[in-house]
Amino acid sequence: MSDVRHVLVLPDRDAAEEVAAELADRFGVTEEPQLVRDALAGEDDADDAQWLVVVEDPASRLDFTALDAFAAEYEGWLETP
C-alpha cells in the first residue's frame, strides 16, 4: 500500500504552527509536518490564506476521525483523501 498523507486545513499560520508542534505529543508523529500557505482562489491578501499542515503517515496508523477532531479544536478540518 502506498504512503498515506494527511492534510489538515487551518485558518491561519499561528494555528498551523500550534497543530504542527502538538502532533508529536498527541499522535506520536515523528516526522516533521510540512506547513504550506494556501491562498484562497483569486485572493492576493495574506489575510485570506489558509494554512495546510501536511503529515506523512507511512504506516497508515493515524486515525482520520481523531485528526479531524484535533484540527476542529483549532477551527480547522482534515481534508478527505
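Side chains included, hydrogens not; waters and symmetry mates left out as well; all remaining heavy atoms used. Treat the numbers as computed from the prediction; the structure is a model and nothing was measured.
Counting all heavy atoms, side chain and backbone alike, G28 lies closest to R61 at O-NH2, 2.8 Å. Summarising the geometry of V4 relative to S60, their closest heavy-atom pair is CG2-OG, 3.0 Å, with the distance given to 0.1 Å. The minimum heavy-atom distance linking P33 with A20 is given by the pair CG-O, 3.9 Å.
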Run the side-chain donor-acceptor check on residues 62-74: report pairs under 3.5 Å with partners two or more places apart or on a different chain.
residue	atom	partner	partner atom	Å
D63	OD2	T65	N	3.2
D63	OD2	A66	N	2.7
D68	OD1	L78	N	3.0
E73	OE1	R26	NH1	3.3
E73	OE1	R26	NH2	3.3
E73	OE2	R26	NH2	2.7

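Contacts classified as side-chain hydrogen bond (donor to acceptor under 3.5 Å, both in side chains) and involving residues 4-15 (residues at least two apart or in different chains) are given here: R5-E56, H6-D57, R13-E17.
The side chain to side chain contact (heavy atoms under 4.5 Å, CB included) check on E32 picks up nothing, with sequence neighbours excluded. Scanning for salt bridge (Lys or Arg N to Asp or Glu O under 4.0 Å) contacts around E22 gives an empty result, with sequence neighbours left out. Partners of E79 by salt bridge (Lys or Arg N to Asp or Glu O under 4.0 Å), not counting sequence neighbours: none found.
In this structure, CH2 on W77 lies 10.5 Å from CG on L8, to the nearest 0.5 angstrom.
When hydrophobic clusters are built by joining Ile, Leu, Val, Met, Phe, Trp and Tyr residues whose side-chain heavy atoms come closer than 4.5 Å, directly or via intermediates, L23 is grouped together with L35. Residues V29 and V53 share a hydrophobic cluster, clusters being chains of Ile/Leu/Val/Met/Phe/Trp/Tyr side chains in contact below 4.5 Å. Put simply, V9 and V36 are part of the same group of oily side chains (I, L, V, M, F, W, Y) that touch within less than 4.5 Å, one to the next.
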